[in-house]
Number of protein chains: 4
Amino acid sequence: MINFTDRQKEIIEVSIKLIAEKGIQRLTIKNISKNLGITEPAIYRHFESKLDILLAILSYFKSSTGAALERTHSAGRSGIEKIEIMFFTHLKQFAEKPALAAVIFSEEIFQNDKRLSGQVAAIMKINMKAMSTFIKQAQQNDKIRNDITKEQLSLIIMGALRLIVTKWRLSDYSFDLEKRGADLWKSIKKLIEN
Amino acid sequence: MINFTDRQKEIIEVSIKLIAEKGIQRLTIKNISKNLGITEPAIYRHFESKLDILLAILSYFKSSTGAALERTHSAGRSGIEKIEIMFFTHLKQFAEKPALAAVIFSEEIFQNDKRLSGQVAAIMKINMKAMSTFIKQAQQNDKIRNDITKEQLSLIIMGALRLIVTKWRLSDYSFDLEKRGADLWKSIKKLIEN
Amino acid sequence: MINFTDRQKEIIEVSIKLIAEKGIQRLTIKNISKNLGITEPAIYRHFESKLDILLAILSYFKSSTGAALERTHSAGRSGIEKIEIMFFTHLKQFAEKPALAAVIFSEEIFQNDKRLSGQVAAIMKINMKAMSTFIKQAQQNDKIRNDITKEQLSLIIMGALRLIVTKWRLSDYSFDLEKRGADLWKSIKKLIEN
Amino acid sequence: MINFTDRQKEIIEVSIKLIAEKGIQRLTIKNISKNLGITEPAIYRHFESKLDILLAILSYFKSSTGAALERTHSAGRSGIEKIEIMFFTHLKQFAEKPALAAVIFSEEIFQNDKRLSGQVAAIMKINMKAMSTFIKQAQQNDKIRNDITKEQLSLIIMGALRLIVTKWRLSDYSFDLEKRGADLWKSIKKLIEN
DNA sequence: AATGAATGAGATTTCATTCAT
DNA sequence: TATGAATGAAATCTCATTCAT
């Protein structure tokens, strides 16, 4: 959230809240301004366009994801623990900020604009790359099976993570994501461990 | 596509095409009618509302998915082969009809309407259930490891499938989905086989 | 209902039913045809336009009103009895066919078209004229006060009748129109009798 | 007209003018905006929906009716004089603002929406109640006959008033409403006075 | 006598954005 | 930094009516 003024941060936060509540489709300038208690034109003092707000949201998620990975990385544990921490950190983030899922999984919506879809792809790439790195470390230490490439394993782990989050959202958040995610992790661990 | 008139089928097909090209958000009555060479009100002779068109699209995918699963099911092979067929059938369907992905993965967009999101959830459920059944069969024949529940395995397999499709879409269809999907399947198979 | 084919009569009857149920504003060709189990263009085989249907309805009410007045007229009783019969006949007609009120009191809606508003005015005139004639007879027989012109008395009697019907409609037909109308008549009678 | 911004008042006034000219049915957002020299969406900065404009019009009439009755009430004269003032005030209001009649007598049109028809019924009730109160006072002072209830008398007086206004409207405002109304009042007075 | 298909005109409403103040 | 007022573009939908069959 560096490089953003206080008002910009407010706008970003309100937007995230609105996305969580009503979905990206119902994120309108009118809604944002109403929630902030200001008028619509006032928004344009802080962001040139609605696109810029969405980009700011993505950049916010990007940097917070990056920071989390950074912390995981420097935690100094074994590769498999890092994967686990990353898995659980994601679960926690989604559970705490459902908007994150609404935003990250909105490829469809961002399809319209190359910059938006590019950012979403970038965030996904960062995660996949980090995951790959952790897997590689674990594979080098013979903790994880070596007969499958780290890219494929990343895909499988992240895919499962994403799908459980999607089911959670479709179910209207009706189950405990972190608990069910923990079960899922146990299964994944069994599958990939040596 | 039973129960639909010819014109309705045309509308559904054009809509699917438009969704594939421009995303669901840009699927408008105007676009549909323009593509059919008729005026907007003419659409309303065939569908009562736009929502009904979307529901028809989902019902089309639902029945075609159901039919594909039916065929897979009665193929009379081993459980693991059925999983494989299902996996490849999905890949092929997505590769052939990119709109399918655009529609099926649009949970976000369908969030607005309970009937729509319900249908999407139903389609997902059908697939998960079929996958679970095939896995169970394979587990009973000791072809697939038994230390992980069929539900978890379904989640992992379908999650990986979905994610590779999503990456393909985000990459602007820049790689050969069926080929890369085949590689992914090999990895999954290694992971789950006994 | 002379001069109308069977199908035309059906259309008129359905239209009256629809007006009673939903108001004139929601009387559409689509609604009429749906209620008859035919298509919209079929209506145009029987009436040139929607306007003609409305005119037919008015002409129907006009002739049935005329016939009722005819019967009253030739009932051969005293003037005051005739007024009474006319008053009660109207009450009964409205109670039995709420559409009648919906149509007759729709001056606003008919304002658009001179022919329609002309017909409504004509029906009103017929009634006022008949009422005046009855009053005149009663005044000549000294049954009704002579210090007020028959036109004014008509206006007062018909006005009260219309208003009680309007209140009945606004109340969603929540009281017994004929009973309350009878009470009203008693009061009117007291006022005008010698 | 309190609680309304200047622009809102303008919209209300223009709407009333349009209703008087063309009837409620032709009161469209487009017409209103065209008359104000602005675009259609601009209207929505001032009223949330067309329904709200209609409600505003009714609330305007309601409060102006209420104020007029208030003044009549506190005029401190005899009951019969109050009835007379109320009668003439109504005539004058209708003569000056034909739209008032178009709106007030549009029960049919407002039938669609409970809030609208409720407001129309409320305005009618206010008037009937005031009239009843004045009649009661006159009856207590033996100025008006006591053998008929105040409710019935109200109905008769208001009914006559409404009908003469309706005839005036149907005749295309072709006679002097206030003059003919004054004659009518003379007759009514004769009827009800002791 | 009726239908299937379609249309022109128009209604209400939403949305991102602009501009003078 | 913010507001009041407004706009162009577009979306969904309704309605009376037409026309070929």
Side-chain angles (χ1 to χ4, degrees), chain A residues 5-8 10-11 25-34 36-54, chain B residues 5-8 10-11 25-34 36-54, chain C residues 5-8 10-11 25-34 36-54, chain D residues 5-8 10-11 25-34 36-54:
Chain A
T5 65
D6 285 0
R7 213 24 156 185
Q8 283 180 319
E10 278 184 308
I11 292 171
Q25 280 199 302
R26 294 206 196 140
L27 179 73
T28 63
I29 298 290
K30 191 175 190 176
N31 264 324
I32 297 172
S33 55
K34 204 189 288 173
L36 278 169
I38 58 176
T39 58
E40 290 152 272
I43 301 287
Y44 287 89
R45 278 272 138 198
H46 306 281
F47 286 101
E48 281 204 350
S49 70
K50 192 184 165 185
L51 177 66
D52 288 302
I53 298 176
L54 289 169
Chain B
T5 65
D6 285 359
R7 204 39 149 180
Q8 282 180 319
E10 280 183 307
I11 291 171
Q25 280 197 303
R26 293 209 193 139
L27 178 72
T28 63
I29 299 290
K30 189 172 207 150
N31 265 323
I32 298 172
S33 55
K34 205 187 286 173
L36 281 169
I38 56 177
T39 59
E40 291 162 70
I43 301 289
Y44 287 89
R45 283 214 77 77
H46 305 283
F47 286 101
E48 282 203 349
S49 69
K50 190 184 166 183
L51 177 67
D52 286 303
I53 298 176
L54 290 170
Chain C
T5 66
D6 285 359
R7 213 26 155 185
Q8 283 179 319
E10 278 184 308
I11 292 171
Q25 279 199 304
R26 294 207 196 139
L27 179 72
T28 63
I29 298 290
K30 192 176 189 174
N31 264 324
I32 297 171
S33 55
K34 204 188 287 172
L36 277 171
I38 58 175
T39 58
E40 289 151 273
I43 301 287
Y44 288 89
R45 279 270 139 199
H46 307 281
F47 286 101
E48 282 204 351
S49 70
K50 191 183 166 185
L51 177 66
D52 288 303
I53 298 175
L54 290 169
Chain D
T5 65
D6 284 359
R7 203 41 147 178
Q8 282 180 319
E10 279 184 306
I11 291 171
Q25 279 197 304
R26 293 212 192 137
L27 179 72
T28 63
I29 298 290
K30 190 171 208 150
N31 265 322
I32 298 172
S33 55
K34 205 186 288 174
L36 282 169
I38 57 178
T39 59
E40 288 157 271
I43 300 290
Y44 287 87
R45 283 215 76 79
H46 305 283
F47 285 100
E48 283 204 349
S49 69
K50 190 183 166 184
L51 177 67
D52 286 302
I53 297 176
L54 291 170

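Predicted, not measured: the structure shown is a model, and the values here were computed from it.
- Distance check: Arg45(C) CZ to Arg7(C) CZ gives 13.0 Å after rounding to the nearest 0.5 Å.
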Per-nucleotide protein contact string for nucleotides 14-21 of chain F (B base, S sugar-phosphate only, - none; heavy atom under 4.0 Å):
BBSBBB--
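- The CD1 atom of Ile43(D) sits 12.0 Å away from the OG atom of Ser49(D) when rounded to the nearest 0.5 Å.
- dG4(E) atom C1' lies 14 Å from atom CD of Glu10(B), rounded to whole Å.
- For Arg7(B), taking side-chain heavy atoms from C-beta onward, the closest of the listed nucleotides dA2(E), dA6(E), dT7(F) is dA6(E).
- The nearest whole Å value for the distance from the NZ atom in Lys34(B) to the C1' atom in dA10(F) is 11 Å.
- Toward the 5' end of DNA chain F, the nearer of the two residues Ile43(A) and Asn31(B), judged by each one's closest nucleotide, is Ile43(A).
- Each of Thr39(A), Ile11(A), Ile38(A), Thr28(A) was checked for a side chain to side chain contact (heavy atoms under 4.5 Å, CB included) with Ser33(A), and the lone residue meeting it is Ile38(A).
- In this structure, Ile53(B) CD1 and Tyr44(B) OH are separated by 7.0 Å, a value rounded to the nearest 0.5 Å.
- Atom P of nucleotide dA5(F) and atom CD of Gln8(D) are separated by 10 Å, given to the nearest angstrom.
- At the phosphate of dG4(F), neither OP1 nor OP2 sits under 4.0 Å from any side-chain N or O atom of His46(D).
- The structure places CD1 of Ile32(B) at 12.0 Å from NZ of Lys34(B), a figure rounded to the nearest 0.5 Å.
- Asn31(B) has its side chain out of reach of Leu27(B): every pair of non-hydrogen atoms, C-beta onward, lies at least 4.5 Å apart.
- Put simply, NE2 on His46(B) and CD on Glu10(B) are 8.5 Å apart, with the number rounded to the nearest 0.5 Å.
- Nucleotide dA5(E) holds its C1' atom 13 Å from the CG atom of Asp6(B), rounded to whole Å.
- Phe47(D) places its CZ atom 19 Å from the P atom of dA11(E), with the value rounded to the nearest Å.
- Over its full length, the helix from dA2(E)-dT21(F) to dT21(E)-dA2(F) turns its helical axis through 30°, comparing axes from the five pairs at each end and rounding to 10°.
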